[in-house]
Colleague: 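This is the structure I have questions about; it appears just below.
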Amino acid sequence: MNKIELMKRAIALSEESVRRGGGPFGAVIARGGEIIAETSNRVTLDHDPTAHAEVSAIRKAAARIGTHDLSGCEIFTSCEPCPMCLGAIYWAHLDRVYYGCNRTDAAVAGFDDDFIYREIELDPADRRKPMEELMSDEAGRAFRMWIAKEDKTRY
């Protein structure tokens, strides 16, 4: 499939989701034009705030090909990824992101992710959600263990 066909599939998934009572988002992950995973937003259907189309597609693709590293794959999503999904896309090492609508379009529909992008830029003490660093020395033990571990799987 070419990129237009793959984007059309992501858009169709977003429309199917609305008809089923889900959010208006769809995502497809492809490698070499072949669909590896596809899904739509399932936040309200699964009562899972992390079940965005992109995150769910990444989970499916990783399970299907048996690795957390999705290098060589591309994601087609009906809307510009929110900060959570964008982070997941980077962690998954997807090669490229194609999106239909942008974050302004999403805000008009009631999905204002832009405030999260702005929050990320702030010092933790200045964010709307109160944040406090707590027990960093104790928590750092796991990092020290990781650093010393010779047989770790990097990601």
Side-chain angles (χ1 to χ4, degrees), residues 1-124 126-129 131 139 142-143 146-147 149 151-155:
M1 297 177 81
N2 65 40
K3 65 183 177 182
I4 300 302
E5 293 169 318
L6 292 164
M7 181 57 80
K8 284 182 178 180
R9 181 63 187 145
I11 293 167
L13 288 164
S14 71
E15 293 171 353
E16 290 171 23
S17 181
V18 173
R19 284 192 286 276
R20 287 192 325 267
F25 304 96
V28 171
I29 295 179
R31 181 172 56 190
E34 176 191 347
I35 294 176
I36 302 298
E38 65 176 29
T39 191
S40 58
N41 180 287
R42 300 201 47 88
V43 170
T44 57
L45 298 173
D46 293 350
H47 310 293
D48 178 354
T50 69
H52 290 202
E54 299 91 337
V55 170
S56 296
I58 288 168
R59 289 174 180 156
K60 285 183 170 190
R64 178 169 179 201
I65 63 177
T67 180
H68 61 278
D69 186 344
L70 300 180
S71 296
C73 297
E74 300 175 321
I75 189 165
F76 297 79
T77 180
S78 61
C79 188
E80 180 180 3
C82 75
M84 176 183 70
C85 293
L86 184 60
I89 287 165
Y90 275 97
W91 280 116
H93 305 287
L94 288 159
D95 290 356
R96 188 176 192 108
V97 179
Y98 296 94
Y99 61 91
C101 296
N102 62 40
R103 68 176 91 162
T104 304
D105 300 319
V108 169
F111 299 93
D112 188 6
D113 300 331
D114 197 50
F115 86 93
I116 301 172
Y117 280 102
R118 290 191 308 273
E119 286 280 302
I120 290 169
E121 295 175 359
L122 298 175
D123 183 273
D126 297 328
R127 293 180 182 155
R128 286 191 221 174
K129 293 280 182 198
M131 299 182 80
F143 285 135
W146 174 258
I147 291 166
K149 187 173 177 61
D151 63 341
K152 61 186 161 239
T153 301
R154 295 187 183 274
Y155 56 98

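Computation of the quantities below employed the complete heavy-atom set of this structure, encompassing side-chain atoms and omitting hydrogens, waters and symmetry-equivalent molecules.
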Colleague: Quick check on Arg59: does its CZ atom have over 12 non-hydrogen neighbours (other residues, nucleotides or ligands) under 6.0 Å away?
Modeller: yes
Colleague: Tyr117 ring centre to Arg103 NZ or CZ under 6.0 Å, with the angle to the axis within 45°?
Modeller: yes
Colleague: Restricting to non-hydrogen atoms, name the atom on Met84 and the atom on Pro49 that form the minimum distance, rounded to 0.1 Å.
Modeller: CE-O, 4.1 Å
Colleague: Using only atom types and a distance under 3.5 Å, with no angle test, would you say the side chain of Glu5 pairs donor to acceptor with the backbone of Asn2?
Modeller: yes
Colleague: Please report the closest heavy-atom contact between Leu13 and Gly26, naming both atoms and the distance.
Modeller: CB-CA, 4.0 Å
Colleague: Counting distance only, does the side-chain N/O of Thr44 pair as donor-acceptor with the main-chain N or O of Gly21 below 3.5 Å?
Modeller: yes
Colleague: Within this structure, what is the NE2-OG1 distance for the pair His68 and Thr153, rounded to the nearest 0.5 Å?
Modeller: 7.0 Å
Colleague: Do Arg64 and Glu34 meet the salt-bridge criterion of a basic N to acidic O distance under 4.0 Å?
Modeller: yes
Colleague: Please collect all side chain to side chain donor-acceptor pair (under 3.5 Å) contacts where either partner lies in residues 82-97, sequence neighbours excluded, each pair once.
Modeller: Arg96-Tyr98
Colleague: Would you sort out whether Ile29 and Glu74 count as a side-chain contact (heavy atoms from CB on, under 4.5 Å), showing the intermediate values?
Modeller: CA-CA 6 Å; Ile29 295 179; Glu74 300 175 321; over 6 Å; no
Colleague: Within this structure, what is the CE-CE distance for the pair Met1 and Met7, rounded to the nearest 0.5 Å?
Modeller: 12.0 Å
Colleague: Where is the tightest heavy-atom contact between Leu70 and Ala61, given as atom of each residue plus distance?
Modeller: CD1-CB, 4.0 Å
Colleague: Where the side chain of Asp46 meets the backbone of Val43, is there a donor-acceptor pair that is under 3.5 Å apart?
Modeller: no
Colleague: Only one of Asp114, Ile116, Asp113 forms a side chain to side chain contact (heavy atoms under 4.5 Å, CB included) with Cys82, so which one is it?
Modeller: Asp113
Colleague: What's the spacing between Leu94 CG and Asp69 CG if we round to 0.5 Å?
Modeller: 9.0 Å
Colleague: Return the CG to OG1 distance between Asn41 and Thr77, rounded to the nearest 0.5 Å.
Modeller: 9.5 Å
Colleague: Ser17 side chain to Ser14 main-chain N or O, any donor-acceptor pair under 3.5 Å?
Modeller: no
Colleague: Give a yes or no on whether the backbone of Arg128 and the side-chain of Glu119 come within a donor-acceptor separation of less than 3.5 Å.
Modeller: yes
Colleague: Side-chain contact test, heavy atoms from C-beta onward, threshold under 4.5 Å: evaluate it for Arg118 versus Leu122 and give yes or no.
Modeller: no
Colleague: Any chance you could lay out the salt bridge (Lys or Arg N to Asp or Glu O under 4.0 Å) test for Glu121 and Arg127, step after step, and finish with the verdict?
Modeller: CA-CA 9 Å; Glu121 295 175 359; Arg127 293 180 182 155; over 6 Å; no
Colleague: Short question: side chain of Lys3, backbone of Phe76 - any donor-acceptor pair under 3.5 Å?
Modeller: no
Colleague: For the backbone of Asp48 and the side chain of Arg42, can you confirm whether one donor and one acceptor N or O come within less than 3.5 Å of each other?
Modeller: no
Colleague: How far apart are the closest heavy atoms of Val28 and Ala10, and which atoms are they?
Modeller: CG2-N, 3.8 Å
Colleague: Could you check Asp126 against Asp123 for side-chain contact (heavy atoms from CB on, under 4.5 Å), going step by step and ending with a plain yes or no?
Modeller: CA-CA 5 Å; Asp126 297 328; Asp123 183 273; 3.7 Å; yes
Colleague: Specify the closest pair of heavy atoms between Pro81 and Glu54, including all atoms of both residues, with the distance to one decimal.
Modeller: CA-OE2, 3.7 Å
Colleague: Can you tell me how far the OG atom of Ser40 sits from the CD1 atom of Ile11, to the nearest 0.5 Å?
Modeller: 14.0 Å
Colleague: For residues Ile147 and Lys152, report the shortest heavy-atom separation together with the two atoms involved.
Modeller: O-NZ, 3.2 Å
Colleague: Any side-chain heavy-atom pair from Thr104 and Glu80 closer than 4.5 angstrom?
Modeller: no
Colleague: Just verifying a value: how many Å separate Thr39 OG1 and Phe25 CZ, rounded to the nearest 0.5 Å?
Modeller: 13.5 Å
Colleague: Got a sec: does the CZ of Phe111 have more than 12 other heavy atoms crowding it under 6.0 Å?
Modeller: yes
